[in-house]
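Taking it in order: structure first as structure tokens, then the write-up.
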Amino acid sequence: MRNFAVAAWERRRNRERELSVIEAETAEHAIVAVAAARPPARQAGIYEAWPVEEPAVMVRFTFEERRGQL
């Protein structure tokens with residue numbers, strides 16, 4: 001397990017970034033942990049994660065709101 005910094009923000013509503021430090025196996029797991037902890041209405045947005053000790057290595061995910069059924 002490593003410590004990851006995770007920045008999360010909503011593209012349209014609130015551009016202010018929320019920063020968290022999460023212990024996880026991978027940056028992807030850290031992002032999912034932060035997104036899952038947010039209320040469903042605030043889960044869509046942009047997430048960036050990087051190891052605390054290695055900030056040059058970053059992963060970025062964009063979660064969009066679901067727009068209907070497939």
Side-chain angles (χ1 to χ4, degrees):
M1 295 282 225
R2 297 167 68 179
N3 285 326
F4 289 91
V6 180
W9 69 96
E10 297 174 52
R11 188 181 336 195
R12 294 183 186 117
R13 292 183 219 144
N14 184 2
R15 293 181 183 246
E16 187 173 314
R17 295 178 184 194
E18 297 174 18
L19 187 60
S20 304
V21 175
I22 303 291
E23 188 175 348
E25 289 187 32
T26 66
E28 293 85 352
H29 289 153
I31 288 172
V32 169
V34 169
R38 297 174 92 181
R42 295 191 56 228
Q43 287 178 349
I46 300 169
Y47 297 82
E48 294 177 340
W50 57 91
V52 170
E53 69 279 354
E54 199 175 351
V57 178
M58 182 187 62
V59 172
R60 176 184 253 191
F61 284 171
T62 302
F63 294 151
E64 297 290 333
E65 291 182 34
R66 193 170 197 175
R67 299 181 192 244
Q69 299 288 349
L70 294 175

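Predicted, not measured: the structure shown is a model, and the values here were computed from it.
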>> Show the nearest heavy-atom pair for residues Leu19 and Ala5, with the distance to one decimal.
In response: CD1-CB, 4.3 Å
> Do Val34 and Phe61 belong to the same hydrophobic cluster, where Ile, Leu, Val, Met, Phe, Trp and Tyr are linked whenever their side-chain heavy atoms lie under 4.5 Å apart, directly or via other members?
Replying inline: yes
> Any side-chain heavy-atom pair from Glu48 and Trp9 closer than 4.5 angstrom?
Replying inline: yes
> Sub-3.5 Å donor-acceptor pair from the side chain of Glu18 to the main-chain atoms of Ala8, do we have one?
Replying inline: no
> Side-chain contact, heavy-atom cut-off 4.5 Å: Tyr47 with Arg38?
Replying inline: yes
> Does anything in residues 15-40 pair up under ring-ring contact (aromatic ring centres under 6.0 Å, His included), and if so which pairs, sequence neighbours excluded?
Replying inline: none
> Do you know the tightest heavy-atom contact between Ala30 and Ala24?
Replying inline: N-CB, 3.8 Å
>> Using 0.5 Å steps for rounding, measure from the CZ atom of Phe4 to the CD atom of Glu54.
In response: 9.5 Å
> Is the number of heavy atoms from other residues, nucleotides or ligands under 6.0 Å of Glu25 CD greater than 12?
Replying inline: no
> Can you name the nearest heavy-atom pair linking Ala44 to Glu10, along with the distance?
Replying inline: O-CG, 3.8 Å
> Is Trp50 reachable from Ile31 through a run of hydrophobic residues whose side-chain heavy atoms are each under 4.5 Å from the next?
Replying inline: no
